[in-house]
Amino acid sequence: MLKVGIIGVGTVGASVANILEENKDIITARSGLEIVVTKGVVNNLSKDRGVNIPLSDNVDDILDDDEIDVVVELMGGVDEPFRVVKKALENKKAVVTANKALLAYHRYDLQELAQDLPFEYEASVAGGIPIINALRDGLSANHIESMQGIMNGTCNYMMTKMMNEGVSFDEILKESQELGYAEADPEFDIGGFDAAHKLLILASIAYGIDAKPDDILIEGIKEVRNEDIDFAKEFGYVIKLLGIAKKDGDKVELRVHSALIKKEDMIAKIDGVMNAISVVGDKVGETLYYGPGAGGDATASAVVANIIDIARAGKSSPMLGFDKPLESNLVLKSRDEIVSKYYLRINVKDKSGVLASVTKLFADFNISIDALLQRPTKDSMANLLLTTHETKEKNLQDVLLELEKFDFVDSKPVMIRIV
Ligand code: HSE
C-alpha cells in the first residue's frame with residue numbers, strides 16, 4: 001500500500017482525494033498498489049471539504065508521519081511550501097506538487113534536495129495536459145526549437161468571453177474566480193505571472209535554463225479592453241495571452257504577453273479555459289498539446305498520474321499500462337451495434353417510383369432520413385444524396401445490401417459515416 005498525505009485540501013486537493021477513491025479500480029490495476037490518502041491538512045478545519053479523509057491543521061502531522069510515503073503539496077505560495085517540501089524530502093518522502101510559483105523560484109534547489117527521491121510536478125503546467133511528460137520523455141531525442149501557447153486558463157476564458165460576448169473585463173474576472181479557475185490572487189493570472197511560472201518550468205526542461213520571473217518579459221491582459229477586442233475582430237484577429245520560448249542561436253527568448261493572433265491560426269481557436277501548447281523539436285517537427293488548463297478534476301488528474309508513477313517505484317510503466325489485469329466487465333461492442341449518422345450517394349435510373357422505393361426501404365429498416373437531394377448525372381441517371389439520423393450500423397449495412405438488389409441502382413452505393 002502507498003500512503004499519501006495531502007497538504008492543502010482546496011479545489012484540487014479535494015479532487016485528488018476523491019479521484020483516488022472513485023477510480024480506485026483502474027488506479028490499483030495501473031499502479032500495482034493500493035493508494036490511500038491517510039491524511040489531509042487544511043488551514044481551516046471548520047470548512048467542509050467534501051472528502052472522506054482525516055483532516056488536521058498541522059503540516060507536521062503529515063511531514064512527521066513515518067507511515068506516509070508521498071506528500072502532495074497543494075498549498076500555493078512560495079516560502080511556506082518550500083519549507084514544507086524541503087522537510088518532506090529530508091524525511092525521505094516522495095513529493096508531488098502542482099505549485100508552479102514554488103517551481104518558478106526553487107526548481108533547481110528542489111532538484112538538488114530531492115536527489116534520488118521522486119519529485120513530480122505534472123500539474124504545475126497546463127493543468128490536465130501531460131506536457132511535462134511529453135517534454136521530459138516523449139520528446140527527449142530533440143533539441144527544442146520553440147514552445148508557444150496558451151498557458152493560463154483564466155486569461156483565455158476571459159479573452160474568449162470578451163471576444164464572443166462583449167462582456168466587460170471586471171465582470172468576467174469575477175465570474176472566472178467564482179468558477180474556481182483563477183488563482184487566489186487573480187493578479188497572478190491577469191498580470192501574466194502564472195503563465196510565466198509555467199513557461200519557466202518548461203524552459204528548464206527544454207533548455208536547462210535557470211531563469212527567474214524577474215529575468216523575463218512578463219505582461220498580462222490587464223490593459224486589454226473591449227475597444228481593443230472590437231478592433232481585433234474587425235481586422236481578423238483574436239487577442240490571447242501567450243507564453244513564448246524560442247531558441248535563437250545560442251540565446252533563448254522567454255516572454256509572456258497578450259498578442260493579436262490571426263483568427264485563422266490554430267491557437268486562435270483555443271477557447272475558454274482550455275490551454276494549448278505547440279512544441280517544435282528539431283527532429284519531430286511541430287507537436288501540439290491541448291486540454292483543460294485549470295479546474296479541480298483536470299488538475300488533480302495530473303497529480304494522481306504522478307502518484308501512480310511513484311507507486312510504480314521507478315519501474316517504467318507496464319507495456320500496456322496495467323500492472324495487474326483490470327477486473328472489468330467491459331466487452332467489445334460489435335460493429336453492428338455502433339450508432340452513427342450516415343451520408344449515402346446512390347446512383348439510380350431517373351424514372352418514376354425510384355424515390356418511393358428508396359424511401360420505403362429506409363422506413364422498413366427503421367432509418368429516418370435527415371436530408372435528401374437528387375442531382376441528375378448523365379443519360380437519365382441521377383445521384384440520390386442523402387443523410388440519415390442516428391441508426392445502428394447493422395440497419396444501414398442491411399439497407400446497403402437491399403439497395404444493390406434494385407435494378408434501378410446502377411453501382412454500389414457509397415456510404416460515409418457522419419461523425
Ligand atoms: N489560474 C490558473 C489558470 C490555474 O487559470 O490557468 C491553473 O494553473
Side-chain angles (χ1 to χ4, degrees), residues 1-59 61-62 65 67-76 81 84 88 93-100 118 120-130 133 153-154 176-184 273-275 291-312 321-324 326-328 330:
M1 182 187 291
L2 188 83
K3 294 190 177 165
V4 176
I6 303 178
I7 304 183
V9 189
T11 316
V12 177
S15 285
V16 170
N18 291 330
I19 290 174
L20 282 168
E21 196 178 306
E22 287 160 22
N23 286 2
K24 198 181 190 79
D25 55 348
I26 201 115
I27 290 170
T28 310
R30 287 190 170 134
S31 63
L33 270 186
E34 190 185 353
I35 301 175
V36 178
V37 181
T38 54
K39 234 170 259 172
V41 164
V42 293
N43 276 332
N44 177 0
L45 276 172
S46 60
K47 202 165 144 190
D48 179 26
R49 310 284 165 163
V51 289
N52 298 321
I53 55 171
L55 293 175
S56 139
D57 57 2
N58 181 357
V59 283
D61 285 345
I62 286 182
D65 182 338
E67 301 257 286
I68 288 181
D69 308 291
V70 183
V71 171
V72 175
E73 184 277 308
L74 300 168
M75 310 163 73
V84 162
K93 299 185 186 310
V95 172
V96 177
T97 181
N99 188 336
K100 52 250 154 171
E120 299 294 344
Y121 51 97
E122 182 61 75
S124 65
V125 180
I129 307 176
N133 197 289
T154 301
S176 49
Q177 282 176 292
E178 282 162 8
L179 286 167
Y181 301 150
E183 297 301 305
V273 76
M274 304 309 271
N275 283 193
D297 278 357
T299 309
S301 151
V303 172
V304 173
N306 281 162
I307 302 173
I308 294 173
D309 259 354
I310 292 170
R312 286 171 174 156
F322 290 104
D323 190 74
K324 301 184 192 141
L326 177 68
E327 281 172 32
S328 149
L330 289 179

Could you please spell out the steps behind the side-chain contact (heavy atoms from CB on, under 4.5 Å) verdict for Leu45 and Val42?
CA-CA 6 Å; Leu45 276 172; Val42 293; 3.7 Å; yes
Measure the OG1-CD1 distance between Thr97 and Ile7 for me, rounded to the nearest 0.5 Å.
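Spacing of OG1 (Thr97) from CD1 (Ile7) equals 10.0 Å.
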Do you know which two heavy atoms are closest between Val273 and Ala294, and how far apart they sit?
CG2-CB, 3.9 Å
If the test is side-chain contact (heavy atoms from CB on, under 4.5 Å), which one of Val12, Val9, Asn99 qualifies with Leu74?
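Of the listed options, the one satisfying the test is Val12.
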Taking the side chain as every heavy atom from C-beta outward, state whether Thr28 and Ile35 have any pair of such atoms under 4.5 Å apart.
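No, side chains not in contact.
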Minimum heavy-atom separation for Ala123 to Val303, with atom names?
CB-CG2, 3.6 Å
Distance, nearest 0.5 Å, that separates NZ of Lys3 from CD1 of Ile68:
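The distance works out to 8.5 Å.
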Does Asn18 reach the side chain of Val51, with side-chain heavy atoms less than 4.5 Å apart?
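Yes, side chains in contact.
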To the nearest 0.5 Å, how far apart are CG in Asn52 and CD in Glu21?
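Between Asn52 CG and Glu21 CD, I get 4.5 Å after rounding to 0.5 Å.
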So, Asn306 side chain and Glu122 main chain: donor-acceptor pair closer than 3.5 Å or not?
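Pair found, side chain donor or acceptor close to backbone of Glu122.
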Minimum-distance pair of heavy atoms, taken over all atoms of Ser176 and Thr154
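Ser176 and Thr154 have their closest heavy atoms at OG-CG2, 3.6 Å.
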Should Val16 and Ile307 be marked as a side-chain contact (heavy atoms from CB on, under 4.5 Å) after you check the CA-CA gap, both sets of side-chain angles, and the distance that decides it?
CA-CA 10 Å; Val16 170; Ile307 302 173; 4.2 Å; yes
I'd like to know whether Phe322 forms a side-chain contact (heavy atoms from CB on, under 4.5 Å) with Ile26, so could you lay out the CA-CA distance, the side-chain angles of the two residues, the decisive distance to 0.1 Å, and finally the verdict.
CA-CA 8 Å; Phe322 290 104; Ile26 201 115; 4.1 Å; yes
Under the 3.5 angstrom rule, does the side chain of Ser301 hit a backbone N or O of Asp297 as a donor-acceptor pair?
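Flag not set: sc Ser301 to bb Asp297 has no pair under 3.5 Å.
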Please evaluate residues Arg312 and Asp323 with respect to the criterion side-chain contact (heavy atoms from CB on, under 4.5 Å), reporting the C-alpha separation (whole Å), side-chain torsions for both, the decisive distance (0.1 Å), and the verdict.
CA-CA 9 Å; Arg312 286 171 174 156; Asp323 190 74; 6.0 Å; no
With a cut-off of 6.0 Å (strictly less than), are more than 12 heavy atoms of other residues, nucleotides or ligands near CD of Glu67?
no
Tell me the closest heavy-atom pair linking Leu2 and Leu33, and the distance in Å.
CB-CD1, 3.9 Å
Selection residues 34-44 - residue pairs positive for side chain to side chain donor-acceptor pair (under 3.5 Å), sequence neighbours left out
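Qualifying pairs, neighbours excluded: Lys24-Glu34, Lys39-Asp65, Asn44-Ser46.
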Report yes if some heavy atom in the side chain of Val125 is under 4.5 Å from a heavy atom in the side chain of Asn275; otherwise report no.
no
Taking all non-hydrogen atoms of both residues, which atom of Ala311 and which atom of Ser31 are closest, and how far apart?
CB-CB, 3.7 Å
Minimum heavy-atom distance between Val41 and Asp57, given as atom pair plus value:
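The answer is CG1-C, 4.2 Å.
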